[in-house]
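For reference, positions follow the sequence shown, starting with 1.
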Amino acid sequence: MKIINVILSGGVGSRLWPLSRKSSPKQYLPIFEGQTLFQKTVLRNKSFSDTIVVVGSKDNYELSRKDLREIGETHYSEIIEACPRNTAAAIAFAAFQSDPNDVLFVTPSDHLIEGVDQYGVNVQRAIALAKEGFVVTFGLQPTKPETGFGYIEADGEEVKGFREKPNLDTAEKFLAKGNFLWNSGMFCFQAGTFLAELKSFEPLLYQNSKAAFDSRKDGFLDFEQSMQIPSISVDYAVMEKTKKIKVVPSNFHWSDMGSFVSIYDYLIKQGQEPDEFGNMVIGTKIHTEFLGLKDTLLIQTSDAILVLQKEKAQDVKKIYERLEKEHPELVE
């Protein structure tokens with residue numbers, strides 16, 4: 001039995017445009033104390049894992065390889081997706097590559113985690129539960145009424161239900177109740193357990209993922225076969241349906257770096273001060289003044305400038321999606 005850190009690295013970070021592009025997604029931006037989020041993920045989980053499986057895309061696998069070289073990591077394998085098919089399929093590929101008893105510790109590559117000691121305690125608990133045959137998710141203690149995350153209603157390690165991303169009023173109610181946790185997108189289970197549950201709940205996804213995996217060449221999956229795989233998140237496919245679910249309530253400091261609010265908070269911790277009205281410049285050293293504005297961010301790259309109010313940070317994805325159609329060169 002091995003402990004395998006399955007690193008999901010296929011995302012593009014559309015809410016961090018223009019910093020994050022298809023050619024340089026957010027997990028590969030070296031702006032986190034000189035490292036990338038991908039590198040931090042590998043190093044953070046090294047002590048818990050016997051090996052690494054990187055599930056990435058044909059657009060970014062070379063970035064993963066570069067990051068791994070830079071930190072001297074050579075003990076890994078990779079599965080390279082031809083097209084995005086969501087997290088259920090991505091995890092299934094890693095499970096097909098593993099022995100049924102192997103424990104898969106599944107982590108996105110774009111999380112920033114602090115509080116290493118507490119993190120270690122929570123991960124070891126998840127691994128122990130996985131070895132007992134449970135399907136484990138990590139629930140984070142919420143620090144604010146966040147509308148950008150899904151929630152888990154919990155009673156200790158028992159899961160009472162999953163909730164979609166709420167509006168602000170609902171998020172405030174979740175926070176007041178005290179037994180709602182942020183859904184972190186981190187999971188732990190034995191490969192055989194996960195595949196059995198996936199086959200039971202989503203047989204077509206299981207079957208087509210297996211076919212695509214079995215016909216891969218040098219780690220690369222075939223596009224036509226991949227397109228036959230239903231695009232479903234692991235939450236919908238397995239976590240919300242399985243009777244084997246457990247949650248590990250976790251207290252480490254976590255951010256999915258999913259919006260410019262997260263970047264703003266991180267930069268403040270690193271010593272970059274906003275002005276007295278909460279305005280901040282990101283990406284340029286050009287002297288900038290904000291007049292009549294508050295809680296506004298200006299993000300500049302060599303070919304684009306984004307100006308947004310922090311409360312609208314989740315909507316940057318809409319700009320990205322529009323530019324994909326109207327000016328695709330600006331998201332490449």
Using modelled atom types only, decide if a donor and an acceptor are shared between the side chain of [X] and the backbone of [Y] within a distance under 3.5 Å.
X: N208; Y: Q228; value: yes
X: Q270; Y: E33; value: no
X: S109; Y: L8; value: yes
X: Q272; Y: V281; value: yes
X: N45; Y: T41; value: yes
X: D265; Y: S262; value: no
X: N5; Y: S49; value: no
X: Q309; Y: E311; value: no
X: D99; Y: N101; value: no
X: K26; Y: M257; value: yes

Quick one: does [X]'s side chain get under 4.5 Å of [Y]'s, heavy atoms only?
X: E153; Y: V159; result: no
X: Q141; Y: P249; result: yes
X: L68; Y: T74; result: no
X: W17; Y: F260; result: no
X: P145; Y: L168; result: yes
X: R125; Y: E157; result: yes
X: D110; Y: L37; result: yes
X: R85; Y: M227; result: yes

| Does OH in Y236 sit with more than 12 non-hydrogen atoms of other residues, nucleotides or ligands closer than 6.0 Å? | no

Is there a path from [X] to [Y] through hydrophobic residues (I, L, V, M, F, W, Y) whose side chains come within less than 4.5 Å of each other?
X: F187; Y: V53; result: yes
X: I7; Y: L43; result: yes
X: I152; Y: I113; result: no
X: L298; Y: V316; result: no
X: I91; Y: V42; result: no

| Taking C188 as the fixed residue, which of V248, V136, I3 is the one that meets the side-chain contact (heavy atoms from CB on, under 4.5 Å) rule? | V136

Considering all heavy atoms, the nearest [X]-[Y] contact:
X: V54; Y: S9; value: CG1-OG, 3.6 Å
X: F162; Y: M239; value: CE1-O, 3.3 Å
X: V261; Y: K310; value: CG2-O, 3.5 Å
X: D50; Y: M1; value: OD2-O, 4.4 Å
X: P18; Y: I299; value: CD-CG2, 3.8 Å
X: G11; Y: P25; value: O-CB, 3.4 Å

| request: Decide if the gap between the ring center of Y266 and the ring center of F32 is smaller than 6.0 angstrom. | output: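 Under 6.0 Å, so yes.
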
[atom1]-[atom2] distance between [X] and [Y], expressed to the nearest 0.5 angstrom:
X: K317; Y: L16; atom1: NZ; atom2: CG; result: 12.0 Å
X: T137; Y: E240; atom1: OG1; atom2: CD; result: 10.5 Å
X: W182; Y: L175; atom1: CH2; atom2: CG; result: 8.5 Å
X: T288; Y: N279; atom1: OG1; atom2: CG; result: 10.5 Å
X: T296; Y: L291; atom1: OG1; atom2: CG; result: 11.5 Å
X: N122; Y: M186; atom1: CG; atom2: CE; result: 8.5 Å

| said: List the residues meeting side-chain hydrogen bond (donor to acceptor under 3.5 Å, both in side chains) with D59, not counting sequence neighbours, and say none if there are none. | reply: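 For D59, no residue satisfies side-chain hydrogen bond (donor to acceptor under 3.5 Å, both in side chains) once neighbours in sequence are set aside.
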
| request: List in chain and number order the residues that pass side-chain hydrogen bond (donor to acceptor under 3.5 Å, both in side chains) with Q97, two or more places apart in sequence or in another chain; answer none if no residue qualifies. | output: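 side-chain hydrogen bond (donor to acceptor under 3.5 Å, both in side chains) check on Q97 returns S77.
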
If you measure only the distance, is there a donor-acceptor pair under 3.5 Å linking the side chains of [X] and [Y]?
X: H75; Y: E73; answer: no
X: Y28; Y: S64; answer: yes
X: T36; Y: D67; answer: yes
X: N183; Y: D235; answer: yes
X: T301; Y: R21; answer: yes

Validation: residues 213-222 side-chain donor-acceptor distances under 3.5 Å, sequence neighbours left out:
unit_1, atom_1, unit_2, atom_2, d
D214, OD1, K210, NZ, 3.4
D214, OD2, K210, NZ, 2.8
S215, OG, A211, O, 3.1
S215, OG, A212, O, 3.4
S215, OG, Q225, OE1, 2.2
R216, NH1, F213, O, 2.9
D222, OD2, E224, N, 3.1
D222, OD2, Q225, N, 2.9

| request: Would you verify whether the NZ or CZ of K244 falls within 45 degrees of the ring axis of F134 while also being under 6.0 Å from that six-membered ring's centre? | output: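 The answer is no; the distance or angle limit is not met.
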
| Do K165's NZ or CZ and the ring of F149 fall within the cation-pi criteria of under 6.0 Å and 45°? |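 No - K165 does not lie over the ring of F149 by the 6.0 Å and 45° rule.
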
| request: Kindly determine whether Y76 and R65 satisfy side-chain contact (heavy atoms from CB on, under 4.5 Å), including the steps that lead there. | output: CA-CA 10 Å; Y76 69 93; R65 290 178 179 178; 3.7 Å; yes

Counting only pairs under 3.5 Å, give me each side-chain donor-acceptor contact of residues 322-332, with atom names and distances, residues two or more places apart or in other chains.
unit_1, atom_1, unit_2, atom_2, d
R322, NH1, E326, OE1, 3.3
E324, OE2, K22, NZ, 3.0

| field | Of all pairs that satisfy ring-ring contact (aromatic ring centres under 6.0 Å, His included), the ones with a partner from residues 97-129, not counting sequence neighbours | value |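 Non-adjacent pairs meeting ring-ring contact (aromatic ring centres under 6.0 Å, His included): F48-Y119, F105-F138, H111-W254, Y119-F252.
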
| said: Checking V103 against I4 for the side-chain contact (heavy atoms from CB on, under 4.5 Å) test, could you report, in this order, the C-alpha distance in whole Å, the side-chain angles of both residues, the deciding distance, and whether it holds? | reply: CA-CA 6 Å; V103 173; I4 301 172; over 6 Å; no

| field | Residues D155, K160: salt bridge by 4.0 Å N-O rule | value | no

Please table the atom pairs, donor to acceptor, closer than 3.5 Å between any side-chain atom in residues 191-205 and protein atoms at least two apart or in another chain.
unit_1, atom_1, unit_2, atom_2, d
E197, OE1, T242, OG1, 2.6
E202, OE2, K241, NZ, 2.9

| said: Using the rule given for salt bridge (Lys or Arg N to Asp or Glu O under 4.0 Å), can you reason through E81 versus K58, listing the C-alpha separation, both sets of side-chain angles and the distance that settles it, and then say yes or no? | reply: CA-CA 6 Å; E81 295 182 290; K58 61 180 177 57; over 6 Å; no

